[in-house]
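Counting from 1, the numbers follow the sequence of the chain as shown. Just so we're clear, the structure is a prediction, and the values are computed from it rather than from any experiment. These numbers come from the heavy atoms of this one structure, side chains and all, not from hydrogens, waters or symmetry mates.
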Amino acid sequence: MNKKDIKLIIGLLIIAIAGVIVYQLIGSMHHGDIGVVEYRDEVILEFDIDVDQTYEFSGSYGVMHLEVKDSKFRVVDVECPNHNCEQMGWHDKDSLSPIVCMPNEVMIYTKSR
């Protein structure tokens with residue numbers, strides 16, 4: 001191994017460590033124990049992820065139903081053309097990505113209390 005190889009390995013290790021730290025910081029900002037439903041950037045519902053229940057609310061395109069069960073949540077029975085938000089499946093408090101319904105202008109995610 002020459003000096004260039006050692007410098008390359010050290011550089012890759014630094015990048016890997018920095019990536020892990022950034023991933024953990026970003027992930028900790030998105031984890032939570034309260035579910036939030038936003039419609040056009042306005043919070044219309046906050047729900048407890050640990051309480052099994054079904055919620056109904058309206059978006060720009062029509063009515064949406066949110067099912068909360070076993071500390072997970074998902075969108076069911078949506079009035080929109082593509083039903084992509086239904087296909088996103090179950091989310092929990094550790095999910096990094098929100099459920100988004102573009103036609104209804106609704107986003108569902110978690111946050112800390």
Side-chain angles (χ1 to χ4, degrees):
M1 276 190 172
N2 59 29
K3 287 185 178 185
K4 286 184 179 181
D5 292 338
I6 293 172
K7 287 180 182 179
L8 177 64
I9 291 171
I10 291 172
L12 290 174
L13 283 173
I14 290 171
I15 290 171
I17 291 169
V20 168
I21 291 170
V22 168
Y23 177 77
Q24 288 179 345
L25 289 174
I26 290 173
S28 67
M29 289 188 296
H30 288 76
H31 296 262
D33 48 6
I34 285 191
V36 178
V37 179
E38 281 189 14
Y39 170 65
R40 294 184 175 175
D41 295 328
E42 181 181 327
V43 175
I44 60 170
L45 173 68
E46 288 187 346
F47 60 93
D48 189 344
I49 296 172
D50 297 321
V51 177
D52 293 356
Q53 192 168 349
T54 302
Y55 300 94
E56 180 179 297
F57 48 89
S58 295
S60 297
Y61 202 90
V63 176
M64 298 179 69
H65 294 90
L66 177 69
E67 179 183 9
V68 182
K69 186 175 183 180
D70 299 328
S71 298
K72 297 179 183 178
F73 59 94
R74 68 177 177 166
V75 173
V76 293
D77 193 25
V78 176
E79 295 178 358
C80 68
N82 55 17
H83 298 270
N84 287 340
C85 52
E86 289 179 341
Q87 296 171 9
M88 294 183 79
W90 290 98
H91 282 60
D92 61 15
K93 66 180 180 176
D94 295 324
S95 296
L96 296 177
S97 62
I99 296 175
V100 178
C101 182
M102 294 302 288
N104 277 308
E105 300 180 78
V106 170
M107 182 168 59
I108 305 166
Y109 58 93
T110 60
K111 72 175 187 176
S112 297
R113 291 182 193 229

Atom [atom1] of [X] and atom [atom2] of [Y]: how far apart are they, to the nearest 0.5 Å?
X      : Y      : atom1 : atom2 : answer
Met102 : Met107 : CE    : CE    : 10.0 Å
Gln87  : Arg74  : CD    : CZ    : 12.5 Å
Leu45  : Glu56  : CG    : CD    : 11.5 Å
Asp94  : Asp33  : CG    : CG    : 10.5 Å
Thr110 : Ile34  : OG1   : CD1   : 10.0 Å

List the atom of [X], the atom of [Y], and the distance in Å for their closest heavy-atom pair.
X     : Y      : answer
Cys85 : Val78  : SG-CG2, 3.8 Å
Pro98 : Tyr109 : CB-CB, 3.9 Å
Val75 : Ile99  : CG2-CG2, 3.7 Å
Ser60 : Pro103 : CB-O, 3.6 Å
Ser71 : Asp50  : OG-OD1, 2.8 Å

Which residues pass the side-chain contact (heavy atoms from CB on, under 4.5 Å) test with Asn2, sequence neighbours left out?
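By the side-chain contact (heavy atoms from CB on, under 4.5 Å) rule, Asn2 matches Lys4, Asp5.
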
Does one hydrophobic cluster hold both [X] and [Y], with members joined at side-chain heavy-atom distances below 4.5 Å?
X     : Y     : answer
Leu12 : Ile17 : no
Val68 : Trp90 : no
Val76 : Val63 : no
Met88 : Phe57 : yes

Please confirm whether the backbone N or O of [Y] pairs with a side-chain atom of [X], one donor and one acceptor, at under 3.5 Å?
X      : Y     : answer
Asp52  : Asp70 : yes
Asn104 : Gly62 : yes
Glu86  : Asp77 : yes

With distance as the sole criterion, is a donor-acceptor pair present between the side chains of Ser58 and Tyr39 under 3.5 Å?
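Side chains of Ser58 and Tyr39: no pair found under 3.5 Å.
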
Looking at Val36, Val37, Val100, which hits side-chain contact (heavy atoms from CB on, under 4.5 Å) with Ile108?
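Among Val36, Val37, Val100, the one meeting side-chain contact (heavy atoms from CB on, under 4.5 Å) with Ile108 is Val37.
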
Look at the rings of Phe73 and Phe47 and say which category their plane angle falls in: under 30° parallel, 30 to 60° tilted, over 60° perpendicular.
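Correct class here is perpendicular.
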
